[in-house]
There are 2 protein chains.
Amino acid sequence: MGRIPPATVKRLCFYLHLLERLKKEGKEYVSSKELAERLDLTDTQVRRDLVYFGKMGKRGMGYEIEKLIKELRKILKIEKPRRAILIGAGNLGTALLASPFFRKRVEIVAAFDADINKVGRRIHGVPVYSDCEISRVVREMGIKIAILTTPPDVAPDIAGILINAGIQGILNFTPASIKSPPGVFIHDVDLTMELEYLSFFVEEE
Amino acid sequence: MGRIPPATVKRLCFYLHLLERLKKEGKEYVSSKELAERLDLTDTQVRRDLVYFGKMGKRGMGYEIEKLIKELRKILKIEKPRRAILIGAGNLGTALLASPFFRKRVEIVAAFDADINKVGRRIHGVPVYSDCEISRVVREMGIKIAILTTPPDVAPDIAGILINAGIQGILNFTPASIKSPPGVFIHDVDLTMELEYLSFFVEEE
DNA sequence: ATAAAATAGTGATTTTTTTCACAAGGTCAA
DNA sequence: TTGACCTTGTGAAAAAAATCACTATTTTAT
């Protein structure tokens, strides 16, 4: 499998979620045309994206939903929910822990917080450790993915600890920018930025 | 100002946030080279993005940070924080209301929830109304932007109400897909999807 | 005042991504 | 079995985005 454009990877996630909905609705096959319509893409683009990973469709029929879901989960490396840790059990962190959708798709094995009142407790079933235990837990459990929801001022330091301990992917919800050394992938999600992006397309009052 | 590529709009948000950090650090000018390095882009790309909106730099000097921030805020239509409503005062909704960063950048004038125990109260200073008042409030206040953090099963119905009442942009945090009629811009943010995207780039354990 | 260094802006080019157009299979009803 | 109908997969073309290479300014050090 050659180099996959990031835009395609993003779309794979969309396909996967839509396919899971379609499966729940009891459908067995779906065409690139229908996928495209529901996701505001073109059918050619859907087929191009999918053909990166081999010929997965049946001419005349479309794509077998069950099979394609399996395939996409394999490609995205989420056949089993991936194990991850959460750093920062504040409002957003707690909201993620509380979300059944989120919890269904990722196995959060531990949370960390600087607040000693939270340490030792469980939040929505997830044990909370002290920040100083991050390194040990990451190493002992071989965790590769961290979700960062700390205050922004401590984020770079925490990121340093994470990377040092062997974390390879950070989902960064803080507005702080994290420098990524080679081999570590940082994916920034800035919720205010999403709003500002939207704002551009909406007339002023 | 011609048609701006969405990818450029996305990057404008990045520029703006970085510039605000640089301003806080006391800098007055910044070069396309430095912006590029800090955001993992090329300097040419930064200049191309900015030149869509006129010649904003000074040769030999770079870009005047203060001026460029003003300009970007104008372009993104956020000279004043935009007014928006929040639908669904659950975990994520409450986390957004609690975030000082988020609150600084958008004026959330009202929240709505189906739970009558929440209605009439205030959450982090924002009054909570019943879902059935959405239409009235949107019209009376001329709100254009809504943030959707309801359970996914009610999301399409709520979206219908919003669009009917004249909302023009929806920031959709639910995994439900909302069909956008012409003139209404839907921006989906699916936090689980962000994690799955990251997963693709991180080796399995 | 001058030369060297820095930096924005841009035409031309290259690369990447998307779309078009259609052949090659496959389905399905009669 | 036949023929009409779908739908995938794909070479070629088009469009979009990014980069290169260079020019035009401006600053700064001497």
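Letters go in sequence order (proteins before strands), and every chain restarts at 1.
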Round to a whole Å and report the spacing from [atom1] of [X] to [atom2] of [N].
X: A/Q45; N: D/dT7; atom1: CD; atom2: P; answer: 19 Å
X: A/Y29; N: C/dG26; atom1: OH; atom2: P; answer: 12 Å
X: B/L68; N: C/dG9; atom1: CG; atom2: C1'; answer: 15 Å
X: A/D40; N: C/dT18; atom1: CG; atom2: C1'; answer: 15 Å
X: B/M56; N: C/dA8; atom1: CE; atom2: C1'; answer: 12 Å
X: A/E64; N: C/dT27; atom1: CD; atom2: C1'; answer: 15 Å

Identify which nucleotide among C/dA23, D/dA24, D/dA17 has an atom closest to any side-chain atom of A/R59, counting heavy atoms from C-beta outward.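 So the side chain of A/R59 is nearest to C/dA23.
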Looking at the side chain of A/R3, which of C/dT17, C/dG26, C/dA21 is the nearest nucleotide? C/dT17
Answer yes or no: does a side-chain N or O of [X] lie under 4.0 Å from OP1 or OP2 of [N]?
X: A/R47; N: D/dT8; answer: yes
X: A/K55; N: D/dT10; answer: yes
X: B/T42; N: D/dT19; answer: yes

For A/T8 and for B/Y63, locate the closest nucleotide of DNA chain C by heavy-atom distance; then report the residue assigned to the nucleotide nearer the 5' terminus.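 Per heavy-atom nearest nucleotide, the more 5' residue is B/Y63.
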Given side chains that start at C-beta, do those of A/I85 and A/I147 come closer than 4.5 Å, heavy atoms only? no
Side-chain heavy-atom pair B/L22, B/Y29 within 4.5 angstrom cut-off: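 They are not in contact (no side-chain heavy atoms under 4.5 Å apart), so the answer is no.
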Has the side chain of A/R48 got a donor or acceptor that lies under 3.5 Å from a partner of the other kind on the base of C/dT19? yes
Looking at B/F200, does the NZ or CZ of A/K77 lie under 6.0 angstrom from its six-membered ring centre and within 45 degrees of the ring axis? yes
Carboxylate-amine/guanidinium proximity below 4.0 Å for A/E28 and A/K23: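 Looking at A/K23 together with A/E28, the answer is no, because their closest N to O distance does not fall below 4.0 Å.
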Is A/K179 atom NZ crowded by more than 12 heavy atoms from other residues, nucleotides or ligands, each under 6.0 Å away?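 Above 12, so yes.
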Over all strands shown, is B/G60 touching base, sugar-phosphate only, or nothing at heavy-atom distances under 4.0 angstrom? base
Touch check for A/S32, heavy atoms < 4.0 angstrom, all strands: base, sugar-phosphate only, or nothing? sugar-phosphate
